[in-house]
Number of protein chains: 2
Amino acid sequence: MPQTPPSPSQHTAGRQMRHERTEGDLQHCLLCDRNSGGLCNRIGRDGLEALASSSRRLVLPPGSTMVEEGQAAESFFNITRGTVKLFKSLPDGRRQITGFADPGQFLGLSRAGLYAFGAETVDTVHVCRFQRPQFEALLNDLPHLKRNLLTAITDRLAEAQEQMLLLGRKTAREKVASFLLGRTQTEQPPSDDTPPDPTPVASVPMTRVDIADYLGLTIETVSRTISALRREKLITSTENHCIRILSPDALRQIATGQTAG
Amino acid sequence: MPQTPPSPSQHTAGRQMRHERTEGDLQHCLLCDRNSGGLCNRIGRDGLEALASSSRRLVLPPGSTMVEEGQAAESFFNITRGTVKLFKSLPDGRRQITGFADPGQFLGLSRAGLYAFGAETVDTVHVCRFQRPQFEALLNDLPHLKRNLLTAITDRLAEAQEQMLLLGRKTAREKVASFLLGRTQTEQPPSDDTPPDPTPVASVPMTRVDIADYLGLTIETVSRTISALRREKLITSTENHCIRILSPDALRQIATGQTAG
DNA sequence: TCCTGTTATTGATTTATATCAAAACACTCC
DNA sequence: GGAGTGTTTTGATATAAATCAATAACAGGA
């Protein structure tokens with residue numbers, strides 16, 4: 001895996017440049033823009049240029065600390081590749097992962113100028129980083145950006161509520177089934193015309209420890225539960241860090257508690 | 001308890017009116033504005049007039065359904081009095097209360113035009129209700145309102161993350177201690193110069209069922225745990241639906257897991 | 001005031017999941 | 001290719017909280 005930013009040449013092939021650096025970032029933004037649902041949607045070419053010139057792209061290796069709980073919130077990130085884990089901890093080390101942020105998601109909101117959570121890369125992660133004052137300025141200049149951010153946070157809040165239902169009221173089996181189904185959404189191919197894969201694949205780049213800390217379980221219970229689902233032929237492990245869901249309907253039944261087992 | 005809106009006369013005494021109804025609501029808004037942290041902060045008199053004329057005040061009896069999960073999101077509420085519970089449910093009736101909304105909080109964000117949660121009044125609740133299209137228009141007209149909403153949602157998201165830590169990783173005792181401490185913040189008097197009460201009082205208008213569904217426990221465990229804290233003289237029950245915290249420091253230690261017991 | 005339904009408390013027992021322990025597997029680096 | 005390290009799986013046992021069950025406290029209406 002290359003850990004240096006990819007050369008912009010592959011993106012700008014066949015186009016003329018204006019300013020080297022900015023144009024490279026702009027191309028990157030234009031690519032981003034095609035993936036719907038992100039912060040940069042419907043923001044217009046001028047907006048994208050402003051975003052491109054205010055941000056820097058970074059590539060972070062697995063296990064990098066991006067944000068520490070309680071630190072001054074200096075940066076705002078938009079993830080373009082890879083997976084980031086967000087978490088809160090207790091003094092004795094117990095940890096709760098509050099979410100995994102995949103490409104298209106932002107990261108770095110603050111309460112009273114301080115981050116209220118920690119964030120660490122799960123695998124190799126590409127981000128656009130903004131300095132906070134510049135991002136604030138962009139928010140004021142680009143009403144679409146503000147609106148997109150509002151929509152994005154609203155989605156996050158809804159996800160958080162769903163996760164609270166999981167943590168507070170679901171069994172281990174229901175939790176794991178919900179988790180696996182949730183990990184299929186993110187990796188949808190950009191084309192709309194292909195029919196949905198009847199046996200979707202869950203992207204699981206994180207360790208058992210991370211899954212356990214996300215579901216409020218121990219690693220042993222996670223492992224046992226995944227083994228049980230495999231034994232029942234509802235899922236099957238594929239190559240690198242992926243799990244194929246053989247029976248999405250059955251898994252959905254389990255995830256929503258509509259099953260005896 | 002009166003369930004009709006209070007007469008505006010007590011607020012407008014000694015002032016001249018312009019339009020009867022609007023002026024009454026405006027006075028109400030001006031009062032709201034004094035409580036910091038709400039949506040209507042720093043919004044200016046013109047903004048308050050726009051808000052007042054776009055909203056209706058309502059008084060809802062205990063147990064009223066304000067929002068149903070999956071319904072079209074037609075209204076947006078700002079709570080001015082009382083407590084509302086927000087929740088998500090599973091098909092078999094298991095329920096997770098995702099938060100209690102107290103005065104100053106909003107309610108009614110939607111994802112894709114549908115409410116993602118249910119909401120029900122705990123006690124008698126006063127709200128300002130906006131129709132969604134009108135609220136959207138206000139958001140575009142009043143940049144301060146948009147900014148306040150962004151700040152408010154960010155706070156909610158941080159609270160949700162804290163609650164996930166509680167649900168996933170805290171013991172019953174730690175959960176109850178956290179809950180009681182959390183219920184003291186809201187009822188702070190508006191004056192800043194008084195020293196903080198050394199034995200704060202937690203406002204607990206909700207039933208044991210609601211507390212259990214909020215903490216991911218059963219009513220029996222909640223009851224037993226509160227009894228234990230009382231036996232240890234860390235708390236004491238006062239009159240109507242309140243619990244006095246005799247030893248906030250000890251309770252804080254418990255809530256953050258820094259204690260043997 | 002008593003009656004009645006609801007809510008809260010307390011006790012006895014069960015159970016899902018945690019904890020403790022060890023073996024199997026999968027990398028990485030010589 | 002094999003030693004060494006970390007991760008995952010599987011097994012045996014313990015325990016916190018759930019469940020089942022009964023009593024006690026409370027609130028509202030006649």
Side-chain angles (χ1 to χ4, degrees), chain A residues 1 61-63 90 92-96 122-123 166-177 179-180 204-232 235-243 254 257 259-261, chain B residues 1 61-63 85 90 92-96 122-124 166-177 179-180 204-232 235-243 254 257 259-261:
Chain A
M1 288 248 166
L90 287 169
D92 64 4
R94 277 176 287 172
R95 188 182 65 152
Q96 178 65 39
V122 169
D123 47 14
L166 178 148
L167 290 169
R169 289 301 182 213
K170 289 189 181 179
T171 66
R173 190 174 162 87
E174 290 161 0
K175 287 176 175 183
V176 169
F179 168 71
L180 291 175
V204 190
M206 63 291 290
T207 66
R208 293 285 183 270
V209 175
D210 286 343
I211 299 173
D213 281 350
Y214 180 57
L215 299 178
L217 298 171
T218 59
I219 56 173
E220 293 95 331
T221 299
V222 170
S223 188
R224 274 187 251 273
T225 308
I226 289 178
S227 296
L229 294 175
R230 196 162 28 217
R231 225 176 298 121
E232 299 166 42
I235 63 174
T236 184
S237 296
T238 70
E239 80 296 350
N240 244 3
H241 292 294
C242 282
I243 292 180
I254 295 170
T259 183
Chain B
M1 288 251 165
K85 57 189 176 195
L90 288 168
D92 63 4
R94 278 176 286 173
R95 188 182 67 151
Q96 179 65 39
V122 168
D123 47 13
T124 300
L166 178 147
L167 289 170
R169 289 299 182 215
K170 289 189 180 177
T171 65
R173 190 174 162 86
E174 290 161 0
K175 286 177 176 182
V176 170
F179 168 71
L180 291 175
V204 190
M206 64 291 290
T207 66
R208 292 285 184 269
V209 174
D210 286 344
I211 299 173
D213 281 350
Y214 180 57
L215 299 178
L217 298 170
T218 59
I219 56 173
E220 293 95 330
T221 299
V222 170
S223 189
R224 274 186 251 274
T225 307
I226 289 178
S227 296
L229 293 175
R230 196 164 26 218
R231 223 176 299 123
E232 298 167 43
I235 62 175
T236 185
S237 297
T238 70
E239 81 297 352
N240 244 2
H241 293 294
C242 283
I243 291 179
I254 295 170
T259 183

Side-chain touch B:T207/B:D210, heavy atoms, less than 4.5 angstrom: yes

Value in whole Å for how far the P atom of D:dA18 lies from CZ of A:R169: 7 Å

Side chain proximity check, B:K175 to B:T225, heavy atoms < 4.5 angstrom: no

Validation row: B:Q96, B:L90 side chains within 4.5 angstrom (heavy atoms): no

Neighbours of DNA chain C within residues 206-216 of chain A, by heavy-atom distance under 4.0 Å: A:G216

What N/O pairs connect the protein and nucleotides 11-15 of chain D at under 3.5 Å? Give each pair on its own line.
unit_1: D:dG11; atom_1: N7; unit_2: A:R224; atom_2: NH1; d: 2.7
unit_1: D:dG11; atom_1: O6; unit_2: A:R224; atom_2: NH2; d: 3.2
unit_1: D:dA12; atom_1: N6; unit_2: A:R224; atom_2: NH2; d: 3.4

side-chain contact (heavy atoms from CB on, under 4.5 Å) evaluation trace for B:D213 with A:R169: CA-CA 8 Å; B:D213 281 350; A:R169 289 301 182 213; 2.8 Å; yes

Touch class at under 4.0 angstrom, heavy-atom based, for B:L217 against every strand present: sugar-phosphate

Whole-Å distance separating the NZ atom of A:K170 from the P atom of D:dA18: 18 Å

Heavy-atom side-chain proximity of B:P62 to B:T124 below 4.5 angstrom: yes

Partner set under side-chain contact (heavy atoms from CB on, under 4.5 Å) for B:R224, not counting sequence neighbours: B:E220

From NZ (B:K170) to CD1 (B:I254), nearest 0.5 Å: 11.5 Å

Rounded interatomic separation in angstrom, taking CD1 from A:I219 and P from D:dT10: 13 Å

Intermediate values then yes/no, side-chain contact (heavy atoms from CB on, under 4.5 Å), B:D123 and B:H241: CA-CA 11 Å; B:D123 47 13; B:H241 293 294; over 6 Å; no

Rounded interatomic separation in angstrom, taking CZ from B:R94 and C1' from D:dA18: 13 Å

Heavy-atom side-chain contact between B:L180 and B:L229 under 4.5 Å: yes

Distance in angstrom units between A:K175 NZ and C:dA16 P, rounded: 14 Å

Below 4.0 Å: OP1/OP2 of D:dA18 and any side-chain N or O of B:T218: yes

Whole angstrom value for the distance that separates C1' of D:dA17 from CG of B:L166: 15 Å

Interatomic distance where CD1 belongs to A:I226 and P belongs to D:dT9 [whole Å]: 6 Å

B:S227 vs C:dT10: side-chain N/O to OP1/OP2 distance below 4.0 Å: yes

